[in-house]
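Quick notes on the structure that follows.
For the numbers below, each heavy atom of this structure counts, side chains included, while hydrogens, waters and symmetry mates do not.
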Amino acid sequence: MMRLKVTFVLFLWILPLALANLRVGFYRRSCPNAESIVRAAVRRRLTRDKSITAALLRMHFHDCFVRGCDASILIDSNRKSSSEKDAGPNLTVRGFELIDEAKKALEATCPSKVSCADIITLATRDAVFLSGGPFYFVPTGRRDGLVSDPDEVNLPGPTLTVSEAFQAFRAKNMSMDDMVTLLGAHTVGVAHCSFFLDRITRPDPTMDRGLAAKLRSICGAASGSNPDPTAFLDQATPFAVDNQFFKQIGLKRGVMKIDQELANDPLSRRIVSGFAANATLFRTRFAQAMVKMGNIQVLVGNAGEIRKNCRVFNPRRRI
């Protein structure tokens, strides 16, 4: 019993120590312009593609929930081995070329200093801010992982109940409030019809009739060139990071099952109502939850590596 207690206390002491290696302004000396270089790349992309904010939010989430925030999602598969990109949930993840662009500029300015994991985190923060969301300070100092295995990709899906989805978040030390807040990222982005078709092909009392009719029209337009059309997850302000998503699901206008269940389930509806009524509260909590997610199982110090190319492991460390 005493040994167990000592081990537990030691774990609690080591965990904050590891996260202490992440700090705001980590690159202040080694690469002073790191954050501005990433922000410039995001700004350029946003001028021609407003949907990149949703893409980066999804990439960041899919990365952090598998092996932690270590940029393992960026690794390309090759003839010898498959990577996380080959896993079903990641086949529609995009935005990789933006990370490449930022990495190329950083390598030209300060070679082998800025990790790909930090680029994902910084780029997501900047896209959120440039899309009307909050600006928040991001602790940096993450290292890039040395493993990318598609068999390890097990992410909560859109058809889960609130309690089922929460199991995945709780396993990452995230609270119910964190989960609801982070799912507020659905204020931007789209979903393919295949993810919600069952909700519109038969009467669903939890969906607004007008929305159901609109979605049937969108999905009914499927064609050979576009077999799985998409619909905005936020019908009001689909490119703005705001609290409209929570107002929409409060009106039965959630597109995916998990979104609508957030407003209906006793475990989460109070949080949803709070965010729908208070935009400032959502902005504050969203910033906090994003920082918390960005700290999941990070590699710091001498762990991992700083990749020269975000898509491949460094040759000398490849495993």
Side-chain angles (χ1 to χ4, degrees), residues 7-8 10-22 54-75 83-85 87-90 93 115-125 128 136 138-186 189 256 258-259 261-262 265 267-268 271-272 275 282 284-301 303-304:
T7 302
F8 183 64
L10 183 61
F11 172 77
L12 290 179
W13 181 77
I14 290 174
L15 183 61
L17 184 64
L19 295 183
N21 286 289
L22 294 183
L56 288 171
L57 280 162
R58 188 160 182 252
M59 180 193 296
H60 192 23
F61 172 74
H62 282 223
D63 184 47
C64 291
F65 266 62
V66 180
R67 301 192 69 84
C69 309
D70 66 348
S72 53
I73 196 171
L74 301 181
I75 294 295
S83 71
E84 288 178 27
K85 284 182 179 177
N90 290 337
V93 174
S115 71
C116 301
D118 276 342
I119 295 174
I120 294 175
T121 305
L122 290 167
T124 304
R125 185 273 309 272
V128 165
Y136 48 95
V138 173
T140 45
R142 295 164 189 77
R143 305 267 293 180
D144 298 323
L146 301 171
V147 176
S148 183
D149 184 349
D151 292 335
E152 295 186 5
V153 178
N154 183 22
L155 298 163
T159 62
L160 297 181
T161 64
V162 171
S163 57
E164 288 170 342
F166 181 51
Q167 292 178 21
F169 282 80
R170 183 168 53 190
K172 300 299 181 183
N173 197 33
M174 306 293 281
S175 68
M176 176 63 71
D177 192 288
D178 293 326
M179 184 184 85
V180 177
T181 304
L182 290 171
L183 286 175
H186 289 174
M256 294 194 296
I258 183 59
D259 291 348
E261 292 229 345
L262 290 176
D265 196 295
L267 292 172
S268 52
I271 304 170
V272 168
F275 288 153
F282 170 63
T284 300
R285 282 294 297 122
F286 190 72
Q288 293 169 342
M290 288 295 291
V291 171
K292 186 175 180 179
M293 184 180 75
N295 288 345
I296 294 176
Q297 295 171 269
V298 293
L299 300 174
V300 295

To the nearest 0.5 Å, how far apart are [atom1] in [X] and [atom2] in [Y]?
X: M176; Y: D265; atom1: CE; atom2: CG; answer: 7.0 Å
X: T159; Y: M256; atom1: OG1; atom2: CE; answer: 10.0 Å
X: M290; Y: N295; atom1: CE; atom2: CG; answer: 11.5 Å
X: N90; Y: D63; atom1: CG; atom2: CG; answer: 9.0 Å
X: F275; Y: T181; atom1: CZ; atom2: OG1; answer: 3.5 Å

Do side-chain atoms of [X] reach the backbone of [Y] as a donor and acceptor pair under 3.5 angstrom?
X: D144; Y: C116; result: yes
X: R125; Y: Y136; result: yes
X: S148; Y: S72; result: yes

For F65, all residues meeting ring-ring contact (aromatic ring centres under 6.0 Å, His included), sequence neighbours excluded: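 ring-ring contact (aromatic ring centres under 6.0 Å, His included) check on F65 returns F61, F169.
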By side-chain hydrogen bond (donor to acceptor under 3.5 Å, both in side chains) - contacts of [X] (at least two apart):
X: S175; answer: D178
X: Q167; answer: none
X: S268; answer: none

Residues in salt bridge (Lys or Arg N to Asp or Glu O under 4.0 Å) contact with E152, at least two apart in sequence or another chain: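 In terms of salt bridge (Lys or Arg N to Asp or Glu O under 4.0 Å), with neighbours along the sequence ignored, E152 is linked to R67.
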Student check: side-chain heavy atoms of L182 and M174 closer than 4.5 Å: yes
Which residues share a side-chain contact (heavy atoms from CB on, under 4.5 Å) with T121, sequence neighbours left out: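 Residues passing side-chain contact (heavy atoms from CB on, under 4.5 Å) with T121: H60, V138, R142.
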